[in-house]
Trainee: 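Below is the structure I would like to discuss, written out as structure tokens.
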Number of protein chains: 2
Amino acid sequence: MVLRMTNQREIILKELQRSRQHLSADELYERVKKSMPRISLATVYRNLETMSEAGLIAKLEISGRQKRFDYDASHHDHIYCLQCSRVDNIEFDRDLLGQTSPRSAKGYQITGYRVEFIGICASCGRKNSQRSQAGNKKSNG
Amino acid sequence: MVLRMTNQREIILKELQRSRQHLSADELYERVKKSMPRISLATVYRNLETMSEAGLIAKLEISGRQKRFDYDASHHDHIYCLQCSRVDNIEFDRDLLGQTSPRSAKGYQITGYRVEFIGICASCGRKNSQRSQAGNKKSNG
DNA sequence: CTTAGTGCAAACTGTTTGCAGAGGG
DNA sequence: CCCTCTGCAAACAGTTTGCACTAAG
């Protein structure tokens with residue numbers, strides 16, 4: 001049960017931190033392969049799981065999407081892009097929601113809540129407005 | 001593009017409504033099979049997709065879990081059980097969150113947000129307290 | 001040395017798709 | 001009649017697992 005700091009584990013963790021993004025297992029695998037070509041995807045999955053259990057990183061489970069991993073294990077909320085699935089941190093007054101949210105409902109004992117913001121990221125927004133500019137003279141189907 | 005009300009579609013819809021629960025595609029498939037044994041799981045998936053696009057039902061995408069479908073298509077929030085994955089409706093003051101939540105962040109144009117409550121449902125809570133009663137005389141590992 | 005961790009391939013879960021034939025309007 | 005819908009099987013994406021071998025402590 002003692003956690004060993006293997007080469008693989010270290011590289012995965014460093015790559016995730018270096019990215020400053022919320023990467024999926026396969027994105028991370030592609031990056032890590034560059035410095036360790038024989039690493040397997042299963043190892044990446046196993047280590048991400050282990051490290052998120054150990055609290056070194058956080059596992060993000062966004063509705064209906066591939067899991068992503070966060071170099072920042074502290075509790076915070078996220079926003080994701082409808083178009084490209086990119087995930088970023090978001091800050092808002094979580095306490096206020098905590099005050100107004102119910103403590104129990106329908107016999108449930110409530111242990112927590114998750115807030116996901118949904119939107120269009122800067123780069124997709126830019127692409128969209130370029131596209132609609134171009135399409136202006138034609139129709140917009 | 002015209003929606004046909006086939007036998008399959010009707011049975012799926014009625015079964016979902018009758019259940020008054022938030023069922024997954026395969027749970028629904030098992031129920032529907034009783035009155036229509038030759039129906040295929042693909043048909044269930046296709047119809048759930050079609051009907052949620054048409055606004056007849058709602059598709060629930062809960063973090064890191066199988067999709068579930070809601071006979072009530074109106075917008076409301078949900079709570080799910082950590083132990084058995086059961087999903088129920090929950091009511092809370094959504095407007096208040098709307099007022100305090102940001103309208104944009106990190107270049108994102110925010111189009112919505114989703115709140116998920118997490119907890120232990122009544123029946124799992126009961127099981128747990130029975131178990132801990134029984135385990136009281138021993139240790140609690 | 002011991003036992004956690006690895007690479008590989010194969011399994012598994014949830015969901016989607018291509019196809020030829022069926023049936024709703 | 002047409003064209004949407006169906007059942008089936010096969011494909012697919014993301015993730016997990018069994019196994020024999022490797023390496024960290």
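Lettering of chains follows the sequences in order, A, B, ..., and the numbering in each one begins at 1. We use all heavy atoms of the structure for the numbers below, so side chains are in, but hydrogens, waters and symmetry mates are not. Because the structure is a prediction, the values reported are computed rather than measured.
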Trainee: For A/Gln17 and A/Asp72, test the side chains for any donor-to-acceptor distance below 3.5 angstrom and give the result as yes or no.
Mentor: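 Result is no, nothing qualifies.
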Trainee: Does OP1 or OP2 of C/dT6 have a side-chain N or O of A/Thr6 closer than 4.0 Å?
Mentor: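 Answer yes for this pair, as a side-chain N or O of A/Thr6 is under 4.0 Å from OP1 or OP2.
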Trainee: Should B/Ser35 and B/Ile11 count as side-chain neighbours, where that means a heavy-atom distance under 4.5 Å?
Mentor: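 Side chain of B/Ser35 against side chain of B/Ile11, heavy atoms only: contact under 4.5 Å found.
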Trainee: Evaluate the side-chain proximity of A/Met36 to A/Gln8: yes if any heavy-atom separation is below 4.5 Å, no if none is.
Mentor: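 Yes, their side chains come closer than 4.5 Å.
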Trainee: Nearest nucleotide by nearest heavy atom, which residue falls closer to the 5' end of DNA chain C, B/Arg65 or B/Met5?
Mentor: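 Looking at the nearest nucleotide for each, B/Arg65 comes out on the 5' side.
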Trainee: Between C/dG5 and A/Arg9, is there an OP1 or OP2 to side-chain N/O distance shorter than 4.0 Å?
Mentor: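 Checking C/dG5 against A/Arg9, a side-chain N or O does come within under 4.0 Å of OP1 or OP2.
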Trainee: Do A/Arg68 and A/Glu61 sit within salt-bridge range, that is, some charged N less than 4.0 Å from a carboxylate O?
Mentor: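 Looking at A/Glu61 together with A/Arg68, the answer is no, because their closest N to O distance does not fall below 4.0 Å.
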Trainee: Salt-bridged, A/Glu49 to A/Lys59, with N to O below 4.0 Å?
Mentor: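 Between A/Lys59 and A/Glu49 there is a salt bridge, with a charged N closer than 4.0 Å to a carboxylate O.
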Trainee: Could you tell me whether B/Gln8 contacts a base, only the sugar-phosphate backbone, or nothing, with contacts defined as non-hydrogen atoms closer than 4.0 Å?
Mentor: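 Sugar-phosphate, backbone atoms only, no base.
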Trainee: Write down the distance between CZ (A/Arg4) and P (D/dT22), rounded to a whole number of angstrom.
Mentor: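 To the nearest whole Å, that distance equals 15 Å.
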Trainee: Under 4.0 Å from any atom of DNA chain D, heavy atoms only: list the residues of residues 15-46 of chain A that qualify, in numerical order.
Mentor: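 The answer is A/Leu41, A/Ala42, A/Tyr45, A/Arg46.
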Trainee: What is the distance, to the nearest angstrom, from the CG atom on B/Leu48 to the P atom on D/dT6?
Mentor: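 So the two atoms are 11 Å apart, to the nearest Å.
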Trainee: So, A/Ser63 and B/Arg114: side-chain donor and acceptor under 3.5 Å apart, yes or no?
Mentor: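 A pair is found: one side chain offers a donor N or O, the other an acceptor, under 3.5 Å apart.
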Trainee: Under 4.0 Å between any heavy atoms, over every strand shown, what does A/Asn7 touch: base, sugar-phosphate, or nothing? Just pick one.
Mentor: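 Result for A/Asn7 = nothing.
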